[in-house]
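Both counts, for ligands and for their atoms, begin at 1 and track the order of listing. Model, not experiment: these values are computed from the prediction.
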Amino acid sequence: RPRILSGMQPTHDSLHLGNYLGAQVNWVAMQADFEAFFCVVDLHALTGGQVSPEDLRRRTRITAAQYIAGGIDPETSTVFVQSHVPEHAQLAWILNCITGFGEASRMTQFKDKSVRGGGDSANVGLFTYPMLMAADILLYDTAAVPVGEDQRQHLELTRNLAQRFNARFGETFVVPEAHIPAGTAKIMSLVEPTSKMSKSAENQNGSLWMLDEPKANVKKLKSAVTDTDNEVRFDPEAKPGIANLLRIHAALSGESVEALVEQYAGENRYGALKGDVATLVTELQRPFKTHVDELLADPAELDAVLRKGADRAREVASVVLERAYDAVGFLPRA
Ligand code: AQP
């Protein structure tokens, strides 16, 4: 089976609905047809600035538990923690050394996040984030990478680096394809529907947390920013708030956006649309949260799953890293 790899950062005590719909739903759908690797990218989590060791450890387990609660089967897919597989940091170094400074400077996530943090507060890890992400992917001979739209540019860089390495040192890496979902590639903030829903947004009312109390999310949805036009239409340019709600509804209910537009035809139906989305989100959240709580109640069992995952991941990653070490000319240890 061809391989897929994807991951999320343990930077919050819960994933948001954008992570779930933009990435995880696809992971679950793909795990039957691909040999899948799902990684909690804790090395990446250090790029956001200072985080307490307790928070990082807790969030790493919580993130892994959410993968499983969201439908990843650790018996068929490999679920692991990035720092348990040292090959990620090792390959990232080599990729850093074939990436141009200007090329890395053009990454929009770096530009956005370094500006958000006040410019000088950004660390060097944030700058080299895309090359670590490329290492994550290339280490598994990954054919496809299921991610949200925000990761498209990083994926393109990964492909460029794989091609460049292969051209310079001989065929070593598989060049991966992005696998970005059509409707839910970018779930928007509820308070600023032209920006993506995000873990690190300043206004937390824009994000729906999977593990929050359902009533907190219902409240956020009821006050989601829309427009003054009063008619439910799918027009992401003119009506980004309504378009976002329609996309979320469609993804959770399985109905098409067109059918929903018909269903909410008429005046003053914004309240009804918001109420129905709130019900769908609540229905999604309840069993999800219960399952996460069960998994977290037995951390030793969860850690054993992650241990097994790391062992399997290393079996693959160590072979690919050795190929890359050999290709660049590192002297094999006698
Ligand atoms: N709003 C979104 N819509 C669709 N997909 C999204 N993803 C993130 N936000 C949306 C996808 O979720 C996966 C996990 O990404 P991550 O943990 O690396 O976090 P991120 O990409 O940095 O985005 P976050 O979660 O919102 O965090 P911040 O605020 O730090 O940027 C990826 O596949 C991503 O595409």
Are any of the N/O atoms on [X], whether in the backbone or the side chain, positioned under 3.5 angstrom from an N/O atom of ligand 1?
X    : answer
G7   : no
A201 : no
H16  : yes
K196 : yes

Can you tell whether the side chains of [X] and [Y] come within less than 4.0 Å, N to carboxylate O?
X    : Y    : value
R1   : E35  : no
D55  : R58  : yes
K215 : E213 : no
R164 : E103 : yes

For [atom], what is the nearest protein heavy atom, given as residue, atom name and distance?
atom                   : result
atom 5 (N) of ligand 1 : G18 O, 3.2 Å
atom 3 (N) of ligand 1 : I187 N, 2.8 Å
atom 4 (C) of ligand 1 : A185 O, 3.1 Å

>> With a heavy-atom distance limit of 4.0 Å, tell me whether S198 approaches ligand 1 through its side chain, its backbone, both, or neither.
In response: both
Mark up the atoms of ligand 1 that fall under 4.0 Å of a heavy atom belonging to [X], in ascending order.
X    : result
Y129 : 18 (O)
G148 : 5 (N), 33 (O), 34 (C), 35 (O)
G22  : 4 (C), 5 (N)

Does any non-hydrogen side-chain atom of [Y] lie less than 4.5 Å from one of [X]?
X    : Y    : answer
F80  : F37  : yes
D227 : Y270 : yes
T184 : V25  : no

Less than 3.5 Å apart, any donor N or O on the side chain of [X] or [Y] sitting next to an acceptor on the other?
X    : Y    : result
H291 : E294 : no
Q204 : S207 : no
Q31  : D73  : no

>> Can you confirm whether more than 12 heavy atoms, excluding those of R233, are under 6.0 Å from its CZ atom?
In response: yes
Among [options], which one has a heavy atom closest to [atom]?
atom                    : options                : result
atom 15 (O) of ligand 1 : T11, D112, N19, T63    : N19
atom 22 (O) of ligand 1 : H44, K113, M197, Q151  : K113
atom 11 (C) of ligand 1 : N244, V145, D150, V147 : D150
atom 19 (O) of ligand 1 : R247, K199, M8         : K199

> Out of curiosity, is W27 lining ligand 1, as in a heavy atom under 4.0 Å away?
Replying inline: no
>> If we only consider heavy atoms of T184, is any one of them less than 4.0 Å away from an atom in ligand 1?
In response: yes
